[in-house]
Number of protein chains: 2
Amino acid sequence: MPDDVVTMDKIVSLCKRRGIIFPASEIYGGIANTYDYGHYGVLLKRNVVDAWWQAMIGDRDDIVALDSAIIQHPRTWEASGHLAGFTDPLVDCRTCGQRFRADHLDAEHDVRCPRKPSVLPGQGPDCNLTEAREFNLMFETTIGPVQEAGSTVYLRPETAQGIFLDFKTVLGFARRKPPFGIAQVGKSFRNEITPGNFIFRTLEFEQMEMEYFVPPDDAHRWYLHWLEARMDWYERLGIRGDHLRLRAHEQDELSHYSSATSDVEYLYPIGWQELEGIANRGNFDLTQHAQHSGEKLEYFDQQSGERYVPHVIEPAAGVGRATLALLCDAYDEDQIGGEARTVLKLHPQMAPVKVAVLPLVRKDAQPELAHEVRNLLRRRMQTEYDEGGSIGRRYRRQDEIGTPWCVTIDHQSLEDRTVTVRDRDTLTQDRVAIDELPDVLAGKLEAPWISPKLLVED
Amino acid sequence: MPDDVVTMDKIVSLCKRRGIIFPASEIYGGIANTYDYGHYGVLLKRNVVDAWWQAMIGDRDDIVALDSAIIQHPRTWEASGHLAGFTDPLVDCRTCGQRFRADHLDAEHDVRCPRKPSVLPGQGPDCNLTEAREFNLMFETTIGPVQEAGSTVYLRPETAQGIFLDFKTVLGFARRKPPFGIAQVGKSFRNEITPGNFIFRTLEFEQMEMEYFVPPDDAHRWYLHWLEARMDWYERLGIRGDHLRLRAHEQDELSHYSSATSDVEYLYPIGWQELEGIANRGNFDLTQHAQHSGEKLEYFDQQSGERYVPHVIEPAAGVGRATLALLCDAYDEDQIGGEARTVLKLHPQMAPVKVAVLPLVRKDAQPELAHEVRNLLRRRMQTEYDEGGSIGRRYRRQDEIGTPWCVTIDHQSLEDRTVTVRDRDTLTQDRVAIDELPDVLAGKLEAPWISPKLLVED
């Protein structure tokens, strides 16, 4: 791992210490691979989601939003292939009684089984592992008030299928013709055994998926467009270019229906891993749902008289993975005046709190003026007020959650109604008139980063 | 029902026609009481959620955000009482084979059973109903990769319990002392038989819940504070005062742990119904979780040396119910120049689209200028471009989704770079210079409504 990649331990520790993200149900001993987001985590995650919506429906004219249900009709998953094929191969160890993914067996079993490695499969009489069996990853539940009378349904393992189900309805009301997209953000669920890399893979997770419907002949061109547009988006969030890469799937990695897939990968503490997948799914999903439902899921172009099943390009991102990438990428440790500092160098637009308002001392009418300043700012951006502890300590607290600016109210503020604005990264302190402060800070926030490099007309 | 209350049929029809909200899984015949939100529905719902966050954490200093998992440790529901007591009494009809809520039996059975009313319970030999049995409303599923080896878990029936589980963690990192609140927005699930009133009650639904922790002696005062603050919020969303009321629960309606509960009720097409519940929950939840987990869930005041289990005031709102109330309240039909118009008179801040940009004709460089104007506006507010059909028809389309302003590019626009701004409600058209347009419209959007009537210091 390169030196400039933070360890996962440091990220986990910071997230716990500041209540950004922490294990769920901790008072009952926790629940496997499930996390709760605290105050700053919620704010950070909302910024990620807002930036995604801005890129999908704010900056473009060709995409509409959708929010489909988590529990859909069970035939959805017959048609999509998830019921038959969305499985992991698992083996049981008769020694330790634990279950492992067959494809991750060596590393995991090594750690968790007390008699490993002597029980490696096929290595003599100690071998105590069952054959691999396939287990479906969908959570199953029953709709209707009682099990025997109800019907089995599934928690969606991806948001994408809800988009395909509603393709015809959206086509009807949205007055769209291909190329156009349908975007959605929401939770999905996968009943997975995971190696426990913090929020990298969790049982429930929030997806940001967009299905872009195009004329079949244009599919490859749009696939290339989305590779570029999505890489551009992560760079605009402030993620270092040398920690991002595009990796095309090999032929043997591709789903049977996909003609091309690439991952946007980020250099996480656990190595290069998928941040987002961008797939050319062909017409597989619409064709499957048309067959299973008996509905025509196609586009008829009245002008050309052409009728076709659109092909689909799917950029599928994870809110948790993007959040984790931002945290890892922004994490830094430096020294100020001989003292160690932990700082999140988040892009200001991504920072949970934009500005902290701090009275230098808790007297001399400074707190009152600080509240007045805070009230000026709070409708323009997320603010925080803090009067507890030395000013240096309060700066450190803000640095640690990535707050780009600290506004300090001091003696002079009471005299001339100016404040100092401290910059998290440069540590410079500029004096600004209170009356001008909201516009000055709003101006800093409206950085050019947010404009996409690609024009939609491309 | 008063004349000024729209029928549910009209709301359902508009929502379907414009793709705002429609039944989920329609191509497979639908799934009971489950709906998907389309483009304008997502935008409207996001505005509701944003306004709630603004009221909870933007306008106040005493509340922090949380996003806890949907699937928590199963002991959560033992402690909360949901496992034992969150049930509906159901009866089966042996004639029609359907299941009914015992407490809604007459009305529902009347409609759906072919032999009703001759099979009313206790009315002679035709009676064909089973005794009522209690059925739990929680959706059950299994965690771990296979049913026999996994453990039973539940989809949360309310977001509130996740807040109580994290009380201690939040207290630790957030440097808070009572009174303070923890707020969260997320999906909950209830396996209910419902009478099918559109999105009023659905199997999965989004909640906006806040638990406000206070010293025991202050509980009643804060209960009254939240009654007023929440009523104020709905009024600020633009909902008519005479369609809103506060209704205190009678003693026999109260949960056993609640000393007082009031509902904010809205006059829906189905009558006065709960829009939000505000409960004084006492210390029931923290005490239960402390007992079941063995953790101390209390507050120790270092200054006074006092140690206590905080009491909790809970304002619990539903995103779907607030969205439905906004749609019903805003719906209007009028006549313009002898033609019927359907219009959603939504508050501009709530409207899915703030401004539509329309070239009068699709030639003479008007579309190009319209795109330029749209690009000026799109980073400030949600915009839409439309060039299809007559200008009157395009105005109607925007009226129907509640767009407060339509900007029209005409011949004069090409000459002097001015446009007309049409107001949805007054129908006036003002000419505005393109350069000034973003600030003019942003100024209209920043209405005083958004400021809370109550000061937090109250």
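Below, read A as the first sequence line, B as the second, and so on, with proteins coming before strands; counting in each chain starts at 1.
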Check whether any side-chain heavy atom of B:Arg175 sits under 4.5 Å from a side-chain heavy atom of A:Arg397, and report yes or no. yes
Any carboxylate oxygen within less than 4.0 angstrom of a Lys/Arg side-chain nitrogen, looking at B:Arg46 and A:Asp67? no
Rounded to the nearest 0.5 Å, what separates atom CZ in B:Phe173 from atom NZ in A:Lys16? 9.0 Å
Non-hydrogen side-chain atoms of B:His39 and A:Arg176 separated by less than 4.5 Å: no
For the candidates B:Leu43, B:Leu66, B:Asp88, which exhibits the highest count of non-hydrogen atom pairs separated by less than 4.5 Å from chain A? B:Leu66
For B:Thr76, is it the side chain, the backbone, both or neither that has a heavy atom under 4.5 Å from a heavy atom of chain A? both
Stepwise side chain to side chain contact (heavy atoms under 4.5 Å, CB included) test for A:Ile70 and B:Leu155: CA-CA 12 Å; A:Ile70 287 171; B:Leu155 306 189; over 6 Å; no
Of the listed B:His289, B:Arg17, B:Lys187, B:Gln382, the one with the largest count of heavy-atom pairs under 4.5 Å with chain A is B:His289
Working note: A:Ile27 + B:Phe167, criterion side chain to side chain contact (heavy atoms under 4.5 Å, CB included); need CA distance, chi angles, decisive distance, verdict. CA-CA 10 Å; A:Ile27 63 171; B:Phe167 167 76; over 6 Å; no
Go through the side-chain N and O atoms of A:His292 and B:Tyr28 and say whether any donor and acceptor fall under 3.5 Å apart. no
To the closest 0.5 Å, what do you measure between CG (B:Asp61) and OH (A:Tyr385)? 9.0 Å
Working to the nearest 0.5 angstrom, can you tell me the gap between B:Glu26 CD and A:Ser293 OG? 11.5 Å
Should the pair B:Asp59-A:Arg378 be classified as a salt bridge under the 4.0 Å nitrogen-to-oxygen rule? no
Proximity breakdown for B:Asp386 and chain A, heavy-atom pairs closer than 4.5 Å: side chain
Decide yes or no for B:Val64 and A:Tyr40: does some side-chain heavy atom of the first lie under 4.5 Å from some side-chain heavy atom of the second? no
What is the distance from atom OG of A:Ser68 to atom OH of B:Tyr35, rounded to the nearest 0.5 Å? 15.5 Å
Please list, chain by chain and in numerical order, all residues satisfying side chain to side chain donor-acceptor pair (under 3.5 Å) with B:Glu295, sequence neighbours excluded. B:Lys168
When B:Gln184, B:Arg374, B:Met381 are compared by non-hydrogen pairs under 4.5 Å with chain A, the top option: B:Arg374
Using a 4.5 angstrom heavy-atom cutoff, name the option from B:Val42, B:Thr34, B:Thr383, B:Leu203 with the most pairs to chain A. B:Val42
Under 4.5 Å heavy-atom distance to chain A, tell me which part of B:Leu137 shows up: side chain, backbone, both or neither. neither
Is A:Ile31 close to chain B through its backbone or its side chain, or both, or neither, when contacts mean heavy atoms under 4.5 Å? side chain
Would you mind telling me which of A:Val170, A:Val185, A:Asp166, A:Ile182 has the largest number of heavy-atom pairs within less than 4.5 Å of chain B? A:Asp166
One pair to check against side chain to side chain contact (heavy atoms under 4.5 Å, CB included): A:Phe189 and B:Thr141. What are the steps and the verdict? CA-CA 12 Å; A:Phe189 299 78; B:Thr141 187; over 6 Å; no
Say whether, by atom type as modelled, one donor and one acceptor occur between the side chain of A:Glu204 and the main chain of B:Ile71 under 3.5 angstrom. yes
Expected output: side-chain B:Asn191 to main-chain A:Thr142 donor-acceptor under 3.5 Å: yes
Do you know which of A:Val153, A:Leu297, A:Ile21, A:Ile57 has the most heavy-atom pairs with chain B at a distance under 4.5 angstrom? A:Ile57
For the side-chain hydrogen bond (donor to acceptor under 3.5 Å, both in side chains) test, which of B:Arg75, B:Gln72, B:His73, B:Gln161 pairs with A:Ser25? B:Gln72
How close do B:Ala69 and A:Asp36 get, counting heavy atoms only, and between which atoms? N-OD1, 2.8 Å
Greatest number of heavy atom pairs closer than 4.5 Å to chain A - which of B:Gly30, B:Pro74, B:Gly186, B:Gly19: B:Gly19
Among the options A:Ala65, A:Gly388, A:Ala290, pick out the one with the most heavy-atom pairs lying under 4.5 Å from chain B. A:Ala65
